[in-house]
Amino acid sequence: MTLQAPKGTFDWLPPRSEQALAVREALAAPVRRAGYGYIETPVFEDTALFVRGVGESTDIVSKEMYTFEDKGGRSITLRPEGTASVVRAVLQHGLHGGRLPVKLWYSGSQFRYERAQKGRYRHFWQVGAEALGAEDPALDAELIVLAADGYADLGLTGVRLLLNTLGDRECRPAYRAALQDFLRGLDLDEPTRARIEINPLRVLDDKRPEVRARLAGAPLVVDHLCQACKTYHEEVRALLTASGVAYTDDPRLVRGLDYYTRTTFEFVHDGLGAQSAVGGGGRYDGLSEMLGGPPLPSVGWALGVDRTILAMEAEGLLDAEAAVSPVQVYGVPLGEEARRRMFSLVTEMRRAGLDADMAFGGKGVKAAMKGADRSGAVYAVILGERDIAAGSAQVKDLASGDQATVPLAEIVTTLKERLNK
RNA sequence: GUGGGCGUAGCUCAGUUGGCAGAGCGCUAGGUUGUGGUCCUAGAUGCCGGGGGUUCAAGUCCCCUCGCUCACCCCA
């Protein structure tokens, strides 16, 4: 054992890595069809962006960030989530001065310093989508529907949608105070008592049974909503229902980032171990202003790529037997001269649009044929001295075992015909 | 940060009251001097995670340490 990947990280190897690519594409496809443009932002940002955006009181900022000083003395942080960067980029480049809403999607690595466990890693991948600059329940519903469609396209049937609203700056302060009053009267441990003062809504999210029991009579946001929030939330729910997207109202759903307002949602799955969320998001009407920008009511989500793969695995949707990068044609050269000829022939095939590979390492016929079999190729092209002398090669159908002699000059066209290309 | 489980071949794992380091899969070669999948044969690969201790003798018992993993917490 020499060096290994850092704690909490892992490598994606074939064929799982191919599935990861496919999952990213499948989750992004619905938003691309809905007019969302692709954005890439730096993997690291000014630390202040996350402190102000995500919120100082959150666990993410207070203890999970990879923060370091660069050689110029700047405080830099590896991004723990994607939304803050997208908002920063929109503000920096004035995209909000154009057509609204600004619709963007992204895909990339995120970093959080946590104790690793199943479904939770220090380096993970998210596909995200954000719609900035419009306050319209249809936009909230659109994003939720697009995410649900992405999961459905992957064949997932066990993804459930939890929905809630957190109110806005109009009604949340009063609710927050009422909740704090209630919580202060409970017998709770010290970290939780501290959380009551900083971020009381998160206490509702506690999973410990003994805490949950004490929270039984806690005031809920839904009972403290102002009329505007109530109407907004009803509209979101109606649109989801009209789209055939099932959801469960979860009045205790509170998300870990401070910037959320009104609509919040989480997609959960039971096959991931203790980590149940495969995706989540919500509305963040105040984030732009927190970052020094103009009011820019927005909504967005992030879907966990590796968690989605775990969910697919739990549902038996991943083909473990999948051949690694299967090719159509596999070259079997016998001898030095044949090896040179085969190299050129395979190059020619590839340029002609065929997926082709060949035996390397001077293997004998038997081993080379074994390689052909494992490559997943439909045809093997065998070339030895006798064939070169005759100006031809053997084309073998690996499924049937039928073999034909084909002139070298016609190999590529013959294969293309047979493979229907 | 806290707690549980586990570290033996590339992979999955056996290894008895302490007594020569093993199997299956995979890999390489041969059976078939130019043909894969099935079958047969042979071969290679180990600081038994690391360090210390007990013992004639430690993969096995004791201590320390590192790593992995699951869970709490937290979240995608």
Side-chain angles (χ1 to χ4, degrees), chain A residues 1-10 13 27 54 58-64 79-83 107-128 147 151 159 189 191-192 195 199 202 205-211 253-257 265-269 272-282 300-311 330 332-335 338 359 361 363-377 379-388 393-403:
Chain A
M1 181 58 67
T2 49
L3 290 173
Q4 42 186 316
K7 192 176 184 67
T9 70
F10 63 94
L13 308 174
L27 291 177
V54 177
T58 62
D59 278 37
I60 292 178
V61 170
S62 62
K63 51 187 199 195
E64 296 176 2
R79 62 184 179 201
E81 59 104 46
T83 302
S107 171
S109 299
Q110 313 292 341
F111 308 86
R112 291 182 200 173
Y113 188 84
E114 305 188 81
R115 281 291 287 267
Q117 66 187 70
K118 187 168 183 173
R120 189 177 76 181
Y121 306 100
R122 292 182 172 182
H123 175 205
F124 57 102
W125 291 263
Q126 290 184 334
V127 168
Y151 290 126
V159 175
D189 60 287
T192 307
R195 193 171 294 142
N199 198 340
R202 290 218 48 76
D205 229 4
D206 206 304
K207 281 200 290 196
R208 289 171 294 184
E210 68 274 18
V211 178
L253 176 69
V254 177
R255 301 177 48 70
L257 291 72
F265 53 90
E266 208 162 275
F267 291 94
V268 296
H269 195 279
L272 313 187
Q275 311 301 317
S276 60
V278 291
W301 48 240
L303 313 181
V305 175
D306 35 290
R307 285 196 182 173
T308 300
I309 288 174
L310 283 177
Y330 193 91
V332 176
L334 310 175
K363 290 186 205 294
V365 210
K366 190 182 172 113
M369 284 304 295
K370 207 167 184 176
D373 187 50
R374 290 172 189 182
S375 73
Y379 292 105
V381 173
I382 300 144
L383 188 69
E385 282 171 30
R386 297 207 296 262
D387 305 295
I388 294 173
Q394 309 300 318
V395 174
K396 179 167 187 170
D397 181 322
L398 288 169
S400 68
D402 296 341
Q403 187 167 313

Quiz prompt | Euclidean distance for C1', B:U28 against B:G10 (whole angstrom) | solution = 13 Å
Quiz item: Which part of the nucleic acid does A:Glu64 contact within heavy-atom distance under 4.0 Å: base, sugar-phosphate only, or nothing?
Solution: sugar-phosphate
Practice problem: Report which part of the nucleic acid A:Gly128 touches: base, sugar-phosphate, or nothing (heavy-atom distance under 4.0 Å, all strands). | Solution: nothing
Exercise. Compare the minimum distances between each of B:A29, B:A76, B:C73 and the side chain of A:Ala367, then state the nucleotide with the smallest one.
Key: B:A29
Exercise. Return the value, rounded to whole Å, for the distance between atom NZ of A:Lys370 and atom P of B:U28.
Key: 7 Å
Exercise. Go through the N and O atoms of the side chain of A:Asp373 and the base of B:G37, and report whether any donor-acceptor pair is under 3.5 Å.
Key: no
Quiz item: Closer to the 5' end of RNA chain B via nearest nucleotide, is it A:Gln394 or A:Val278?
Solution: A:Gln394
Practice problem: Between B:G67 and B:C62, how far apart are the P atoms? Round to whole Å, please. | Solution: 22 Å
Quiz prompt | Nearest to side-chain heavy atoms of A:Asp387, which nucleotide of B:G37, B:C68, B:G34 | solution = B:G34
Quiz prompt | A:Arg120 side-chain N/O to B:C70 phosphate OP1/OP2 under 4.0 Å | solution = no
Exercise. First locate atom CZ of A:Arg79, then atom CZ of A:Phe111, and finally report the distance between them rounded to the nearest 0.5 Å.
Key: 6.5 Å
Exercise. Rounded to whole angstrom, note down the P distance from B:U69 over to B:U32.
Key: 48 Å
Quiz item: Considering Watson-Crick and G-U wobble pairs with both distances under 3.5 Å, what does B:A71 pair with?
Solution: B:U2
Quiz item: Nearest of B:U35, B:C72, B:G34 to any side-chain atom of A:Arg115?
Solution: B:C72
Exercise. Using the C1' atoms only, state how far B:U55 lies from B:U60, rounded to an integer number of Å.
Key: 13 Å
Quiz item: When you measure from the side chain of A:Arg307, which nucleotide among B:G36, B:G34, B:A76 comes out closest?
Solution: B:A76
Quiz item: In Watson-Crick or G-U wobble terms, both distances under 3.5 Å, what is the partner of B:G43?
Solution: B:C27
Quiz item: Of the nucleotides B:G36, B:C68, B:U69, which one has an atom closest to the side chain of A:Gln4?
Solution: B:C68
Quiz item: Applying a 3.5 Å limit to both distances, which nucleotide forms a Watson-Crick or G-U wobble pair with B:G19?
Solution: B:C56
Practice problem: In whole angstrom, give me the gap between the C1' atoms of B:U33 and B:G19. | Solution: 49 Å
Exercise. For A:Ala338, report the nucleic acid contact type (base, sugar-phosphate, nothing); a contact means any heavy atom under 4.0 Å.
Key: nothing
Self-check item: Protein-nucleotide distance (A:Phe111, atom CZ; B:A76, atom P), rounded to Å
Solution: 16 Å
Quiz item: Whole Å only: how far is the CE atom of A:Met369 from the C1' atom of B:G37?
Solution: 10 Å
Quiz item: Would you find a donor on one side and an acceptor on the other, under 3.5 Å apart, between the side chain of A:Tyr151 and the backbone of A:Phe267?
Solution: no
Self-check item: B:G30 versus B:G34 - spacing of their P atoms, nearest Å
Solution: 11 Å
Quiz item: In whole angstrom, what separates A:Leu334's CG from B:U32's C1'?
Solution: 14 Å
Quiz item: Which part of the nucleic acid, if any, lies within reach of A:Tyr121 when heavy atoms closer than 4.0 Å are counted: base, sugar-phosphate only, or nothing?
Solution: base
Self-check item: Sugar-phosphate, base or nothing in reach of A:Gly119, heavy atoms under 4.0 Å
Solution: base
Self-check item: Per A:Val365 side chain, nearest of listed nucleotides B:G34, B:C74, B:C70
Solution: B:G34
Exercise. Drop me the distance from A:Ile309's CD1 to A:Leu272's CG, to the nearest 0.5 angstrom.
Key: 11.5 Å
Quiz item: Which whole-number value in Å describes the distance from A:Phe10 CZ to B:U69 P?
Solution: 10 Å
Practice problem: Measure from OH on A:Tyr113 to P on B:G1 and round the result to the nearest Å. | Solution: 6 Å
Self-check item: Check: A:His269 and A:Thr308 side chains under 4.5 Å, non-hydrogen atoms
Solution: no
Exercise. Answer with base, sugar-phosphate or nothing: what part of the nucleic acid does A:Lys396 contact at a heavy-atom distance below 4.0 Å?
Key: base
Exercise. Identify which nucleotide among B:G36, B:C74, B:A71 has an atom closest to any side-chain atom of A:Ala274, counting heavy atoms from C-beta outward.
Key: B:A71
Quiz item: Which value, in whole Å, describes the distance between the P atoms of nucleotides B:G1 and B:U65?
Solution: 14 Å
Quiz item: According to the Watson-Crick and G-U wobble definitions, with both distances under 3.5 Å, which nucleotide is paired to B:G34?
Solution: none
Practice problem: Check every atom of B:A71, B:C68, B:C74 against the side chain of A:Lys118 and return the nucleotide holding the closest atom. | Solution: B:A71
Quiz item: A:Arg122 side chain to A:Ala116 main-chain N or O, any donor-acceptor pair under 3.5 Å?
Solution: no
Quiz item: Hey, what do you get for CZ (A:Arg112) to CD (A:Glu81), rounding to the nearest 0.5 Å?
Solution: 7.0 Å
Quiz item: Is there a donor-acceptor pair closer than 3.5 Å between any side-chain N or O of A:Asp59 and the backbone N or O of A:Glu64?
Solution: no
Self-check item: Distance below 4.0 Å between A:Gln117 side-chain N/O and B:A71 OP1 or OP2
Solution: yes
Quiz item: Taking for each residue the nucleotide of RNA chain B with the nearest heavy atom, is it A:Gly8 or A:Gln403 whose nucleotide lies nearer the 5' end?
Solution: A:Gln403
Quiz item: Rounding to a whole Å, what distance do you find between A:Lys366:NZ and B:G30:P?
Solution: 8 Å
Exercise. Search all heavy atoms of A:Gly280 against all heavy atoms of A:Leu303 and return the closest pair with its distance.
Key: N-CD2, 4.4 Å
Quiz item: Within this structure, what is the CZ-to-C1' distance between A:Arg122 and B:C68, rounded to whole angstrom?
Solution: 13 Å
Self-check item: Sugar-phosphate, base or nothing in reach of A:Gly279, heavy atoms under 4.0 Å
Solution: sugar-phosphate
Quiz item: Of all the nucleotides listed (B:G36, B:C70, B:C74), which has the minimum atom distance to the side chain of A:Arg195?
Solution: B:C74
Practice problem: Write down the distance separating the P atoms in B:C72 and B:U41, rounded off to the nearest Å. | Solution: 50 Å
Quiz item: Taking atom CD of A:Gln394 and atom CZ of A:Arg386, what is their separation to the nearest 0.5 Å?
Solution: 8.5 Å
